[in-house]
Amino acid sequence: MKDSAFTRRVLSIVRRIPPGRVATYGDVAHAAGRTRAWRAVGNIMMNCSTPDVPCHRVVAAAGGLGGYGGNLEMKRGLLRAEGVLVSGSRIRDFRERRWPKAEKPAKKPRRTPPRRLT
DNA sequence: AATCTGACTGTTG
DNA sequence: CCAACAGCCAGAT
């Protein structure tokens with residue numbers, strides 16, 4: 001299976017993630033050139049046909065591990081072995097471990113319309 | 001070419 | 001803190 005430009009880019013970025021550090025799908029997508037392609041990033045990771053790519057270092061920005069083809073425990077173990085504190089299905093120091101760095105808060109218009117309640 | 005899915009994200013309640 | 005809804009992109013079928 002050939003990888004498209006985007007896929008290739010994502011894989012390259014994930015491979016550049018230093019050990020002991022984790023990157024979110026959003027960060028990877030952003031680095032790949034597409035700020036809103038985190039969905040596609042996860043999709044590519046799902047392939048995981050590249051042993052050179054530490055997919056286990058890619059986690060969800062929500063603080064969860066995300067997924068690993070069904071072997072979440074393996075991913076958890078790998079992250080833990082790298083020094084990442086994982087509590088259950090949540091990373092404790094995920095925020096400090098984030099790579100490349102923290103983001104800056106920015107105001108943005110709310111997407112979902114205020115659905116009135118009663 | 002069209003449709004669906006997916007390891008997601010962010011906000012609202 | 002947890003649950004639900006809406007939105008987004010790319011790949012796969």
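Letters A, B, ... are given to chains in the order of the sequence lines, protein chains preceding strands, and every chain is numbered from 1.
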Checklist entry - What do you reckon, is CZ of Arg16(A) surrounded by more than 12 foreign heavy atoms closer than 6.0 Å? => result no
Checklist entry - With a 4.0 Å cut-off on heavy atoms, is Arg90(A) in touch with a base, just the backbone sugar-phosphate, or nothing at all? => result sugar-phosphate
Checklist entry - To the nearest Å, how far apart are Leu79(A) CG and dA7(B) C1'? => result 13 Å
Item to check | Rounded distance in Å - NE2 (His30(A)) to P (dC8(C)) | outcome: 18 Å
Checklist entry - Is Thr7(A) near enough to dG11(C) that one of its side-chain N or O atoms lies under 4.0 angstrom from OP1 or OP2? => result yes
Next on the checklist: Ignoring hydrogens, what is the shortest heavy-atom contact between Val58(A) and Lys75(A)? Give both atom names and the distance.
Outcome noted: O-NZ, 2.6 Å
Next on the checklist: Categorize Ala40(A) for me: base, sugar-phosphate, or nothing, with a 4.0 angstrom heavy-atom threshold over every strand shown.
Outcome noted: base
Checklist entry - So which nucleotide from dC9(C), dA12(C), dA7(B) ends up closest to the side chain of Asn47(A)? => result dA12(C)
Checklist outcome for this item: By nearest-nucleotide position on DNA chain C, the 5'-leaning member of Trp38(A) and Val41(A) is Trp38(A)
Checklist entry - Which whole-number value in Å describes the distance from His56(A) NE2 to dA7(B) P? => result 19 Å
Checklist entry - So, is Ser4(A) close to the dA10(C) phosphate, meaning a side-chain N or O under 4.0 Å from OP1 or OP2? => result no
Checklist entry - Would you call Arg57(A) and Glu82(A) a salt bridge, taking side-chain N to carboxylate O under 4.0 Å as the test? => result yes
Item to check | Spacing of Ile44(A) atom CD1 relative to dC8(B) atom C1', expressed in whole Å | outcome: 13 Å
Checklist entry - Arg34(A) near the nucleic acid: base, sugar-phosphate alone, or nothing, with a heavy-atom cut-off under 4.0 Å? => result sugar-phosphate
Checklist entry - Closest to the Ala60(A) side chain: dG11(C), dA7(B), dC8(B)? => result dC8(B)
Checklist outcome for this item: For Ala23(A) and Ile17(A), the nearest pair of non-hydrogen atoms, with its separation, is CB-CD1, 3.6 Å
Next on the checklist: Looking at Arg39(A) and dG7(C), is any side-chain donor or acceptor paired with a base atom of the opposite kind under 3.5 Å?
Outcome noted: yes
Checklist entry - To the nearest angstrom, how far is Leu11(A) atom CG from dG11(C) atom C1'? => result 13 Å
Checklist entry - How close or far is atom P of dT11(B) from atom CZ of Arg36(A), stated in whole angstroms? => result 11 Å
Item to check | Crowding at CZ, Arg9(A) (>12 non-hydrogen neighbours, <6.0 Å) | outcome: no
Checklist entry - To the nearest Å, how far apart are Asn43(A) CG and dA10(C) P? => result 11 Å
Checklist entry - To the nearest Å, how far apart are Phe94(A) CZ and dA7(B) P? => result 19 Å
